[in-house]
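Read through the structure below, which is laid out as structure tokens, and then see the notes.
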Amino acid sequence: MGYWLLKSEPDVFGIDHLKGRHDQTEPWDGVRNYQARNMLRDQMRVGDLAFLYHSSCTVPGIVGIVQVVREGYPDASQFDPDAKYFDPKSSPASPRWYRVDVRYKRHMKRPLPLAELRTYASGPLADLPLLRKGNRLSVMPVTPEQWEFILALENR
DNA sequence: GCCAACGTTGGC
DNA sequence: GCCAACGTTGGC
């Protein structure tokens, strides 16, 4: 099973909103970055777990856990001229952008602020892409070791 | 609001 | 293929 971290602004895709949805499931769409696209399309599997991270807010950090319930399929918003994420260079015959569906699992027992995660940037979380300078990926892999370490932070 | 970092675009 | 310009991200 794979582990991931999904980053979004809480106003755009927030954990409380997801929890309140029917089926507590939503497409993770609007990703327009090729590196992230490749992971959505090729690597994420049903059953994989992901930390949900809130960015561009008062306290950026990991707020909960979601599960992949549908594997990569074309992101419909790219074909809609009225959609924010419309891409005129894409076509249904050869879609450029993909999305997965994720389901709410749970909130963290407490939010894990970026500032706290950073204190382990030279230790157990040294290779976590989130902590690398200038990181802008909205989808990134997490190793099993990193996953377990971050989970354990909940109880501190 | 500022600014550093990054990805993308487009002229050549 | 290079690289400057530009737009976006995201922490602070």
Side-chain angles (χ1 to χ4, degrees), chain A residues 2-21 26-44 48-66 68 71-102 104-143 146-147 149-154 156:
Chain A
Y3 297 106
W4 305 92
L5 186 147
L6 302 177
K7 184 167 59 179
S8 72
E9 299 182 23
D11 292 346
V12 177
F13 191 109
I15 190 164
D16 293 324
H17 176 76
L18 178 64
K19 185 182 182 184
R21 298 299 294 173
E26 286 268 272
W28 184 262
D29 60 7
V31 173
R32 297 293 182 267
N33 168 284
Y34 287 103
Q35 204 179 339
R37 187 278 310 270
N38 292 346
M39 290 186 269
L40 290 170
R41 187 188 59 187
D42 306 330
Q43 292 181 248
M44 298 181 81
D48 284 2
L49 296 173
F51 288 125
L52 188 59
Y53 176 92
H54 281 177
S55 66
S56 297
C57 52
T58 46
V59 183
I62 292 172
V63 294
I65 296 175
V66 301
V68 177
E71 288 175 17
Y73 63 104
D75 180 350
S77 67
Q78 69 194 302
F79 307 129
D80 177 1
D82 296 324
K84 180 184 175 188
Y85 295 110
F86 176 62
D87 183 346
K89 295 178 190 160
S90 188
S91 72
S94 65
R96 179 178 292 192
W97 307 112
Y98 284 71
R99 68 190 188 190
V100 299
D101 288 353
V102 296
Y104 172 85
K105 285 281 283 187
R106 66 176 179 89
H107 281 64
M108 306 308 286
K109 294 175 192 168
R110 63 181 182 92
L112 305 175
L114 176 63
E116 180 178 346
L117 298 174
R118 272 201 202 290
T119 63
Y120 305 100
S122 56
L125 301 183
D127 298 319
L128 190 67
L130 180 74
L131 303 181
R132 283 208 281 270
K133 196 173 181 180
N135 160 73
R136 294 170 62 175
L137 273 182
S138 57
V139 178
M140 66 188 78
V142 174
T143 69
Q146 291 164 346
W147 183 270
F149 182 82
I150 293 169
L151 274 187
L153 290 180
E154 267 189 314
R156 296 197 188 175

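Residue numbering restarts at 1 for every chain, and letters A, B, ... go by the order of the sequence lines. Just so you know, these numbers come straight off a predicted model, no measurement behind them.
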Round to the nearest Å and state the distance from Asn33(A) atom CG to dG10(C) atom C1'. 14 Å
In whole angstroms, the gap separating C1' of dT8(C) from CG of Asp87(A) amounts to 16 Å
Of all the choices, dT9(B), dG7(B), dC12(C), which nucleotide is nearest to the side chain of Lys89(A) once you look at every atom? dT9(B)
Classify the angle between the aromatic ring planes of Phe13(A) and Trp28(A) as parallel (below 30°), tilted (30 to 60°) or perpendicular (above 60°). perpendicular
Please report the distance, rounded to the nearest Å, between CZ in Arg132(A) and P in dG11(C). 16 Å
Val66(A) to Lys105(A) - nearest heavy-atom pair and separation: C-CG, 3.9 Å
Between dG7(B), dA4(B), dG10(C), spot the one nearest the side chain of Gln35(A), thanks. dG7(B)
Arg118(A), nearest nucleotide to its side chain (from dG10(C), dA5(B), dC12(C)): dC12(C)
Main-chain N/O of Ile15(A) paired with His107(A) side-chain donor or acceptor, under 3.5 Å: no
Rounded to whole angstroms, how far apart are CE on Met140(A) and P on dT9(C)? 14 Å
Under-4.0 Å side-chain N/O to phosphate OP1/OP2 contact, Tyr53(A) with dG11(C): yes
Could you state the CZ-C1' distance from Arg32(A) to dG7(C), rounded to the nearest angstrom? 16 Å
Rounded to the Å, how far apart are Lys133(A) NZ and dC3(B) P? 15 Å
Figure out the NZ/P separation between Lys7(A) and dG11(C), and round it to whole Å. 7 Å
Rounded to the nearest angstrom, tell me the gap between atom CG in Leu130(A) and atom C1' in dT9(C). 13 Å
Quick one about Asp42(A) and Tyr98(A) (side-chain donor to acceptor, distance below 3.5 Å, no hydrogens or angles considered), yes or no? no
